[in-house]
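Worksheet for the structure shown next.
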Amino acid sequence: ALQHRLWPDIDRLVKQQVAMSRMGIGDCGTGWQLFAEDGEMKMYRREEEIDGMVVDPLKAVHIVKGITGHEVCHYFFNPKYRYDWETTLEHMTVLENISDDTLVFLQTHKRIWPASQRDVVFWSHIRKLPNDQDRDGPDIWTVVNNSTESPEHPANVGKCVRIYLTVCLLCQTRVHPPKDGAPITRDDVSCKITYCSVVNPGGWAPASVLRAVYKREYPKFLKRFTAYVINQTKNKPLMF
Ligand SMILES: O=S(=O)(CCO)c1ccc(-c2ccc(C3CCCC3)c([C@@H]3C[C@@H]3c3ccccn3)c2)cc1
């Protein structure tokens, strides 16, 4: 396929992020603390600061019945759904349509008092991966979002502080075939979701405020997003 300017970065980061996501919490070494739990959803964070700024890596694992990894990644990647589920989003623009699986976004997020408002420019890439652990299992789907530069939107010139993030959503579909060989329905599928993110707030914000925001917003985001996908897909044919 014709390579575009971001392809080498994207390919390297996707492979790295997928490898990291597939590692369980255990073998990521210690340091991960469980900070939120709700049914099948478990959220972990590591407390890390860079230059006094909170950049706590986050790793969430969730198992959701009735949806597939392709569907989760489709509704996460596609800009036309984002305002429906991304509650802290104030404005979103697609700066570039690099290819049908790679977009560049500019987003401004609602201001979180007393921090100043944030914006972010990132490429977003969706990819299907062969399931090399279970050959005849369904494919794995992933979306990786990673900050990038935009000459037309230089950092920190307007009212917003530019943040820097790397996000990886990795989805493994599980099919529990019905005994009597009946066709597979939504009752026979579930999706194991791993969501990893590192958000550098880009400029000073009180650690206590940021940690409170992360503790409140991340569980809300994953619950709201997965409920959205369930609702959007319930009367539609399965997308594998
Ligand atoms: O997964 S994505 O790529 C989905 C596309 O939208 C993504 C997720 C999260 C963010 C994000 C951007 C800014 C901020 C803060 C940092 C300082 C002040 C604003 C936050 C804080 C963590 C809280 C937050 C957590 C979850 C969801 C939304 N908000 C998160 C951006 C993109």
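The shortest distance between side-chain heavy atoms of V61 and I193 does not fall below 4.5 Å. Using a 4.5 Å heavy-atom threshold, the side chains of V72 and W141 count as separate. Side-chain contact between L238 and V189 is present, with at least one heavy-atom pair separated by less than 4.5 Å. Two residues are said to be in side-chain contact when any heavy atoms from C-beta on lie closer than 4.5 Å; L129 and T142 meet this criterion. Using a 4.5 Å cut-off on side-chain heavy atoms (C-beta onward), C168 and Y195 make no contact. At least one side-chain heavy atom of L34 sits less than 4.5 Å from a side-chain heavy atom of K42. Considering only heavy atoms from C-beta on, R224 stays 4.5 Å or farther from E86 through its side chain.
Note: the hydrophobic cluster containing L170 does not contain V143 (ILVMFWY, side chain heavy atoms under 4.5 Å, direct or indirect links). Residues Y164 and L89 do not share a hydrophobic cluster, clusters being chains of Ile/Leu/Val/Met/Phe/Trp/Tyr side chains in contact below 4.5 Å. Hydrophobic clustering keeps I63 apart from V175 (ILVMFWY residues linked when any side-chain heavy atoms are closer than 4.5 Å, directly or through intermediates). A chain of hydrophobic side-chain contacts below 4.5 Å, direct or via other Ile, Leu, Val, Met, Phe, Trp or Tyr residues, connects V209 to V199. Hydrophobic clustering (side-chain heavy atoms under 4.5 Å, transitive across Ile, Leu, Val, Met, Phe, Trp, Tyr) groups W85 together with I230.
The main-chain N or O of I98 is never found under 3.5 Å from a side-chain atom of T102 such that the two would form a donor-acceptor pair. Using modelled atom types, no side-chain atom of R216 and backbone atom of K220 make a donor-acceptor pair closer than 3.5 Å.
Using modelled atom types and a 3.5 Å distance limit, the side chains of T108 and H91 yield no donor-acceptor pair. Q33 and R45 share a side-chain donor-acceptor pair at under 3.5 Å. At a cut-off of 3.5 Å, with distance as the only test, no side-chain donor of T233 or Y75 sits close to an acceptor on the other residue. Between the side chains of Q172 and R22, no donor-acceptor pair of N or O atoms lies under 3.5 Å.
Taking the six-membered ring for Trp and the full ring otherwise, the centers of Y44 and F35 sit at least 6.0 Å from each other. Taking the six-membered ring for Trp and the full ring otherwise, the centers of H125 and F77 sit at least 6.0 Å from each other. Taking the six-membered ring for Trp and the full ring otherwise, W123 and H4 have centroids separated by 6.0 Å or more.
The two residues M53 and P201 come nearest to each other via the heavy atoms CB-CG, 4.3 Å. Scanning all heavy atoms of the two residues, the minimum distance from N97 to V94 falls at ND2-CG1, 3.9 Å. In terms of heavy atoms, E71 sits closest to P237 at OE2-O, 3.8 Å. When all heavy atoms of L169 and C171 are compared, the closest pair comes out as CG-SG, 4.1 Å. When all heavy atoms of L58 and W32 are compared, the closest pair comes out as C-CZ3, 3.9 Å. In terms of heavy atoms, N145 sits closest to S124 at OD1-OG, 2.5 Å.
For N200, the side-chain hydrogen bond (donor to acceptor under 3.5 Å, both in side chains) test picks out no residue, with sequence neighbours left out.
A distance of 13.0 Å separates NE2 of H62 from NZ of K192, quoted to the nearest 0.5 Å. One finds the CD1 atom of I10 at 8.5 Å from the CZ atom of R5 (value rounded to the nearest 0.5 Å). Rounding to the nearest 0.5 angstrom, the gap separating the SG atom in C196 from the CE atom in M23 is 9.5 Å. Separation of atoms CG (L95) and CZ (F105) is listed at 9.5 Å; rounding is to 0.5 Å. Rounded to the nearest 0.5 Å, atoms OG (S197) and CG (L222) are 10.5 Å apart. With rounding to the nearest 0.5 angstrom, the CG atom of N146 is 4.0 Å from the OG1 atom of T166.
The ring pair (Phe, Tyr, Trp, His ring centres under 6.0 Å) contacts involving residues 166-192 comprise nothing, where partners must be two or more places apart or lie in separate chains. Applying the side chain to side chain donor-acceptor pair (under 3.5 Å) rule to pairs touching residues 112-122 yields E90-Q117, Q117-K159, D119-R162, sequence neighbours excluded.
Salt-bridge formation is detected for the pair D56/R211: a Lys NZ or Arg NE/NH1/NH2 atom is positioned less than 4.0 Å from an Asp or Glu carboxylate oxygen. Look at D188 and R174 and you find no salt bridge, because none of the NZ, NE, NH1 or NH2 atoms lies under 4.0 Å from a carboxylate O.
Heavy-atom neighbours of K65 NZ from other residues, nucleotides or ligands within 6.0 Å: at or below the threshold of 12.
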task = Show the numbers, then the answer: is there a salt bridge (charged side-chain N to carboxylate O under 4.0 Å, His left out) between R127 and D11?
result = CA-CA 10 Å; R127 185 181 294 189; D11 203 40; 2.9 Å; yes
